[in-house]
Every structure is written in C-alpha cells, then in structure tokens.
Protein chains: 4
Amino acid sequence: MTDTPPQTRIQARNRAAILEAALEVFAARGFRGATLDRIAQAAGLSKPNLLYYFRSKEALHLAILQDLLELWLAPLRAMDPEGEPRAQIMGYVRKKLEMSRDHPRESRLFANEILQGAPRARPVLEGELKALVDEKAAVISGWSAAGRIGPVDPHHLIFSIWALTQHYADFEVQVRAIMGDTDPYPGAEAWLERVFGAILDIPHHGP
Amino acid sequence: MTDTPPQTRIQARNRAAILEAALEVFAARGFRGATLDRIAQAAGLSKPNLLYYFRSKEALHLAILQDLLELWLAPLRAMDPEGEPRAQIMGYVRKKLEMSRDHPRESRLFANEILQGAPRARPVLEGELKALVDEKAAVISGWSAAGRIGPVDPHHLIFSIWALTQHYADFEVQVRAIMGDTDPYPGAEAWLERVFGAILDIPHHGP
Amino acid sequence: MTDTPPQTRIQARNRAAILEAALEVFAARGFRGATLDRIAQAAGLSKPNLLYYFRSKEALHLAILQDLLELWLAPLRAMDPEGEPRAQIMGYVRKKLEMSRDHPRESRLFANEILQGAPRARPVLEGELKALVDEKAAVISGWSAAGRIGPVDPHHLIFSIWALTQHYADFEVQVRAIMGDTDPYPGAEAWLERVFGAILDIPHHGP
Amino acid sequence: MTDTPPQTRIQARNRAAILEAALEVFAARGFRGATLDRIAQAAGLSKPNLLYYFRSKEALHLAILQDLLELWLAPLRAMDPEGEPRAQIMGYVRKKLEMSRDHPRESRLFANEILQGAPRARPVLEGELKALVDEKAAVISGWSAAGRIGPVDPHHLIFSIWALTQHYADFEVQVRAIMGDTDPYPGAEAWLERVFGAILDIPHHGP
DNA sequence: GATGAATGAGCCTTCATTCAT
DNA sequence: TATGAATGAAGGCTCATTCAT
C-alpha cells in the first residue's frame, strides 16, 4: 500500500518498527498531539533517522492511513452477493467486531481522522468508500426486496454496523469505566448477534 | 456548572463568547490541535484577555467538558423508572439523536476526549456516569425481567443507543461523503425507530 | 514602505533595531547564511520576540528589500530631464558613489539578491526598475541626439554607472586588500569624474 | 591546482563531474545555500561518495575557488609590459568581457565569495592578487607617464575593468530584466570599446 | 478589564558528516 | 570505490503563558 517498498533487512525492520510506533502514538494522541520525538523513541530510532524513512510527519501519517484503509474496507468487500444474506451480514458484523477487538488502535486512528474532518482521508471516503458502500447497499436492497431479510434501509444498516462495532474500540475507555474489569467483548458479541438478528428478521403477521 | 459565576454583563457575555468559540475549535481540532490564538480570535478577544477569564487552556477545556457532561447525562437521568418502558427508552433514543443533530460539536468534543483516553473526564466516567448507568441499567433489567420489554443486556443496550445516535455527529464527514447532499437525520430517525422497535419487541412464540 | 507602520514607542524602537540588525547580517552572509538567532541577538531581542515583529525570516528580508529598493531608485528618479545633461549625469554618479560609501550594507544586500537570481526582487526589477530605466534612457538619448553630450548607449551607460559605483561597496574586501589602508573613496571620486567626463565629452574634429 | 591529482579514469571523471556540479550550485545559491545533497545529485553520485573525493563542503568550495583564481588572474598576467599599451589594455578588457559571457558561474561564485567578506579567498587577495595588481599598475603607470596613454589612476583603472566587465555576469538577472530578450553582449563590447577608448585617449590641446 | 510585549519550551525539518559494509 | 544507514547540531517557527501597564 505504501509506495516505497522496503528493500533491505534493516529497512524492512525499521519501517515496520516506525509504523507500529506511529500507529500507537497517532491513535492515542491524534495527529497534532503526536510528536516525532515520541514516535522515534518508541521505535528505538533517532528523530532524523525516522525522517530518513519517512519524509515528514504528514507522510508517515499518510502511509499508515493508506494501509489502514485497505484493512478497513476488506471485510465489506468480502460480503458476497451470491451468499446467504443473513450469514453474509452477520459475518460482516462479527468480522468488524473482531477488528475492534484486535485492532483497536487502527479504529481509533481512523476515528480521529474522521472526527477532525478527514483532512487526509476525504478523497478516499468520497471515492472508493462511497462506491463500495453504494454497491453493497444495492446488494442488501436486493435481498430485502426479495424478502430474504426484513425491510431495511441499507445505508443506515451499514452505518449501524460500523457504529455498534467500532464503539467498543473507539470508546473503550468509557466502556471499561462502566463495565469495570469485565471484558466487554463476549457480551458484545452475543448482544450484536441478538440486535442484528432482530433487525434482519422477517416480520411475520399474527395468526 | 463552572465554579466562578459571572458577575457583570460584560463578563457574562465574554465568558459565553469564549465558551462558544472554544467549543467550535476544540471540537474541530482536538485539544492539541486547538490554539488559544484561534479561540481568542473567534471570540473576538485578545489572548491575554481570554486567559483572564480562564486561567489556562486546560481550565477552559475543563469548563467546557463539565458543562457538556451535564448536558450529556441529562436525557439518561430523565428516563423515568415509573414510566412506560418502551416509551422511556424510545424517548431516550430520540432525544440522543436530536442532540447529535443539534449539538454535533459537543458530541465531537466528547468523542475526542474519550478517544484520547479521557485524560480529563475519566473521574466523571468512573464516578457519576458509571453510577447513573448502573442505576438505569437496573431499571431496564427490571422491565425486562417483568416481561415489559424483550430480553436485553441493559449495559450493551445503552452502549448501542450511544453508538447509534452519536455516530451521526461524530462520523458526520463520513456519513455525508456516502449520502451526498441528503440530510441523514430523517432517515436516521425512522431507522432507529425500526431498530429499537425490533430490539425491544417481546418475542412471541408460534401459534 | 513596510506595510505595518510602527505605532508605539517600543514597537518603533524594536522594529528599527531589528531592521538594522537584519541589514547587517543579511548583507554579510546572504539570506541562507543569516540566522534569526544572530539577527535577534544583534537586535537585543529573543528570537520569538523578533518573530513577533516580523512573521518570518522571509517577511523580514522582504521588508528590508522594499525599503532598500526605494532608497536605491531615488537618485535615478531625481535625474531631471530639464536639467543640464552633464550636471545631471555627473550628479547621479556622485550620488551613487556616496551611497556606496554611506550604505555599503544596502548595496551588498542588493547584490546578494541579484546574484542569487533575484528570487524576491524580480518583479520589481521587471516592473518599476525597467520602466524607470527606460524612461531615463530616453532622456539621455535625447540629450545625446541633441549633441549636448557625446554619443552614448544610454542603457549601457546606466549599467556602467551602477557597476563602477557599487563596485566599491560590493567588492570592498578586494579593494581594501589591494589598496591597503588607503581610503579608496577620494580616489574613486576623482577617477569617476575623469571617466565619465571622458565618456560624455563631445568629440571634436581636428583643426 | 588541487593538491590530490586524479589517478584513475573514473576518479578523474568523477572529480570533474563534482567540480562542475558544485560550480553550478555554489554560483547559484552561495556557500550556505548550496547543499551537498544537491551537488551530489547534480554530479550523479551519492553524498558519501562525493565526500570521498572531497573531505568536506569547505574543501570542495576551496578546490573550486583555487581553480577559479588561476583562471581569473591569467588574463591580467598576460598583459605584456613590452606590448603596445592601448592594445594590451583593450585586450584585457575584451578578454574579461569574454569571460563574463563564457564563464558567468565562475564570476558569480567569485562575487559571492568577495561579497561575504572573502572568508576563504582573503589570503590570495592580499597575497598573489595584490602583488600582481601592483606589478601591472606599475606598468600602466609607466605607460601613462611616458604619454603613451592618457593620465590614469592605474588601480582604479583596473577596478573599473573588473566592475564593468563582471557586471554583465554578476548582475545578469538585472541586465536581462531591463534589456528583455536582447543579448547584452554585442552592445556591451562596443560600449566598453568606446568607454576605454575615451579613458585611454591622450588629451590634446586646442589649436 | 484589557492589551501590547515578551519568552521558554518544544516541534518539525535540514544538513554536513560519520559509520559500517 | 561506493552506498545505505545514522546522527548531532542547528534552524525556522509555534504556542501557552507571563509581565507590565
């Protein structure tokens, strides 16, 4: 995804260390709150050496964002128009929840970007993302029209999936503050199963 | 909410102007991304004068956060244990969605705070907020146990309400990128009605 | 000439101190070789305080350059089409030589700018300066055609005045290296009198 | 001129490429404005490889300067005390003007050095150059005293030759700004012929 | 109340130079 | 010879905060 592919061992190792460190720091503090000093230190490099690998703070952030967007869109891309509707949607929900659990920093970095008006990601949002969402929304509409799932607004359905799953990563501090030491994810998984089960249910009429 | 009550007309007006300006800037750029210069300019004051009203950037942010938390918790507080369960919950959902529409900056400021680990709000989260949520969760549990609403996990239900409603404010840029010029709120309201309707439904058994 | 006129006493004093210090440093070391640190120190201010008066190194350089260009063009502007040709031209030569003696730093700052391709002054050169030179060249041509001075190429005549007078400021180190402790200016004045006397002389034919 | 004579073909080629690139960059941007990066790139070498040929930026600049000074002094050295005075001087003028036309970068590099106080060239100026100038000035004085040319101040005469010829290289941007697309050199040559003709003329007394 | 002036600390970035290979 | 990797030092600039009035 990044344009300059690592070539030597050292390059590969350092680039990876930087990306990892930068993800950590950008996610926790936002673009402005992050300092190259802190990222360099976390990566075990000097600041100028970090800039030897990435031209600027901006470029580093962009590199992460691009990798991230690929990761982010993949599960929605994987939704199969030929598959069983309920399974496809529930699979997407489950995958997104897993990503919140396993990649919370990516989720928060993305949330930070959007929250601040998507100064860097906007083109992708209005381009690739919109196209992909429209495409999948059409698929869902088809399923709904065919009576294979209940009547849904496909766009809002997708927003709901995003909101409900990412919430556990983005608002983790709040979730933990309320749930104490309990791991929220098992409960969340069951709950979302229940929620989307209810949403997708085909309404039946009284006897 | 803030400790130093305004005294003169001018003071009141200036404090209000500062809070308004700061809300705008903090919400749009995060704590670190906001500068006192920009806030002062937006408020029509000089920087030192701004600091006459609020001792520090930190103090200003805190003042906003405190006002905000009151506003934020009010609708949940208003949920009446004696009321009709479905109406109470749906009312809360509706109120929260209104707040996203009418106070998106507050929502984003709050999201920023949580996203960055709630460095300033954590005490409130673990204190007042947790207590309030636990209290209301107990109420909801009671309703559920009494069969007046379907079986729900009350904590996750509350998280879901937050996630689904705040999403329209916090991820507004993304929502707009996908929905184009369409105002998302009318659709969102209908959709959430549908979603929480399905969730709260009391499952009925076949004939 | 500079856009933000000083208002208070302190501002006036500090702006003047900065311009003076910057002239010194820019002239001696060029734009890139000059550091804000050094200028600030020479002006008796802290670096951020210097930047309180001038937004950037660039802006400071520009302010000096603009003042300077006014100073630079004035003597040529003063050449009077109605005056006695020889007196007008010799007066210009004398004035320019005085300026080299009394404002060598300005001369060197200007030379630096031109030498590096006039990245900042080019518009003025191609605009005001060219217009002024063309205007005065026409006047000189008129004098020459009228037989009031010898035949001259007016543009090259003007270049020669610039070259011969500014040389004593711009190449001062070289002049001093060769002339030792002797002040070059008295000799220069006499010499230029002699040179331009010869140039402007109306050629006469043998008896 | 440089102390380490090239040995292999590759070495010779690389040294030449570096000197050529460095001349270009130093002349255009001054010592401080030039970067080894840019020079290395222009020479088609890596930066460390460049530093293999020249120990430091300083050393590289010095090497160029030394080569340059040789080139610079040669025409004056060539002025023949036994030759015909007028032809010798006019020849020198013509040669210097040719050098401005054919080696403007060398001229500008030298001008930069002098302008900044000759931090590196001063010894040469005060040593070789002064000696050479004094020697030739004596010759000219002799010619003048012998009535073979008009009365001249030999030092200022030499300064004038330098100033008038180098001006077309050093202030090229300004000359071009004023003369537009016209090539200034043909005119300059005729003009300088005229100027020095007038200067060297032996004054004659009225009938 | 209000503001012009000032600054210490910090940030991103550049650059000549060195090291290891 | 040549280069990828690394860095100390410095430079321009920003910003929250303080001081004096």
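Per chain, numbering begins at 1; letters A, B, ... match sequence-line order. As a basis for the values below, the full set of heavy atoms in this structure was taken, side chains included, without hydrogen atoms, waters or symmetry mates.
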**Fill in**
Side-chain contact check for A/Tyr52: nearest option of E/dT7, F/dG4, F/dT7 is F/dG4
**Prompt:** Looking at CD of C/Gln174 and CD of D/Glu113, how far apart are the two atoms once the value is rounded to the nearest 0.5 Å?
**Reply:** 10.5 Å
**Message:** Rounded to whole Å, how long is the line connecting atom NE2 of A/His61 with atom P of E/dT13?
**Reply:** 13 Å
**Request:** Quickly work out the C/Arg55 CZ to F/dC13 P distance and round it to whole Å.
**Result:** 12 Å
**Fill in**
Rounded to whole Å, CZ of B/Arg13 lies from P of E/dG1 at a distance of 11 Å
**Request:** Using the closest heavy atom to pick a nucleotide of DNA chain F for each, name whichever of D/Asn14 or B/Glu58 lands nearer the 5' end.
**Result:** D/Asn14
**Asked** Once Watson-Crick and G-U wobble pairs under 3.5 Å are found, how is DNA chain F written in dot-bracket notation, 5' to 3', with | for any base paired to another strand?
**Response** .||||||||||||||||||||
**Asked** What is the distance, rounded to the nearest whole Å, between atom NZ of A/Lys47 and atom P of E/dT13?
**Response** 10 Å
**Message:** So, taking the atom named CD1 in A/Ile18 and the one named OH in A/Tyr53, what distance separates them when rounded to the nearest 0.5 Å?
**Reply:** 6.5 Å
**Fill in**
What residues 23-35 of chain C contributes to the DNA chain E interface at heavy-atom separation below 4.0 Å is C/Arg32
**Spacing of CG belonging to C/Leu36 relative to CZ belonging to C/Phe54, to within rounding of 0.5 Å** = 11.5 Å
**Proximity to the side chain of A/Tyr53 - top-ranked nucleotide from F/dG4, F/dG11, F/dA6** = F/dA6
**Prompt:** How long is the line joining CZ of C/Arg15 and P of E/dG4, in whole Å?
**Reply:** 15 Å
**Request:** Pick the P atom in F/dT21 and in E/dG1, then give their distance to the nearest Å.
**Result:** 22 Å
**Straight-line distance of A/Leu68 CG to A/His103 NE2, nearest 0.5 Å** = 10.0 Å
**Prompt:** Considering residues, nucleotides and ligands other than B/Glu126, do more than 12 of their heavy atoms fall under 6.0 Å from its CD?
**Reply:** yes
**Request:** Taking only the side-chain nitrogens and oxygens of D/Ser46, find out if one of them lies under 4.0 Å from OP1 or OP2 of F/dG4.
**Result:** no
**Message:** To the closest 0.5 Å, what do you measure between CH2 (B/Trp72) and CG (B/Leu109)?
**Reply:** 9.5 Å
**Message:** What is the distance, to the nearest angstrom, from the CG atom on D/Leu36 to the P atom on E/dA16?
**Reply:** 4 Å
**Request:** Can you run down the ring-ring contact (aromatic ring centres under 6.0 Å, His included) pairs that involve residues 25-44 of chain D, sequence neighbours left out, and say none if there aren't any?
**Result:** D/Phe26-D/Phe31, D/Phe26-D/His61, D/Phe31-D/His61
**Prompt:** Given that A/Ile10 and C/Leu51 both sit by DNA chain F, which one's nearest nucleotide is further toward the 5' end?
**Reply:** A/Ile10
**Asked** Between atom CG in C/Leu50 and atom C1' in E/dA5, what is the gap in whole Å?
**Response** 13 Å
**Complete:** Separation of E/dT3 atom P from B/Asn49 atom CG, nearest Å, is 5 Å
**Request:** Could you work out which one of E/dG8, E/dG1, F/dG4 sits closest to the side chain of B/Gln11?
**Result:** E/dG1
**Asked** Of all heavy-atom pairs between A/Ala118 and B/Val173, which one has the smallest distance, and what is that distance?
**Response** CB-CG1, 3.9 Å
**Asked** From A/Glu24 CD over to A/Arg29 CZ, what is the distance, rounded to the nearest 0.5 angstrom?
**Response** 10.5 Å
**Item:** Carboxylate-amine/guanidinium proximity below 4.0 Å for D/Arg105 and D/Glu20
**Value:** yes
**Candidate nucleotides F/dT17, E/dA2, E/dA16, ranked by approach to the side chain of D/Lys57 - the nearest** = E/dA16
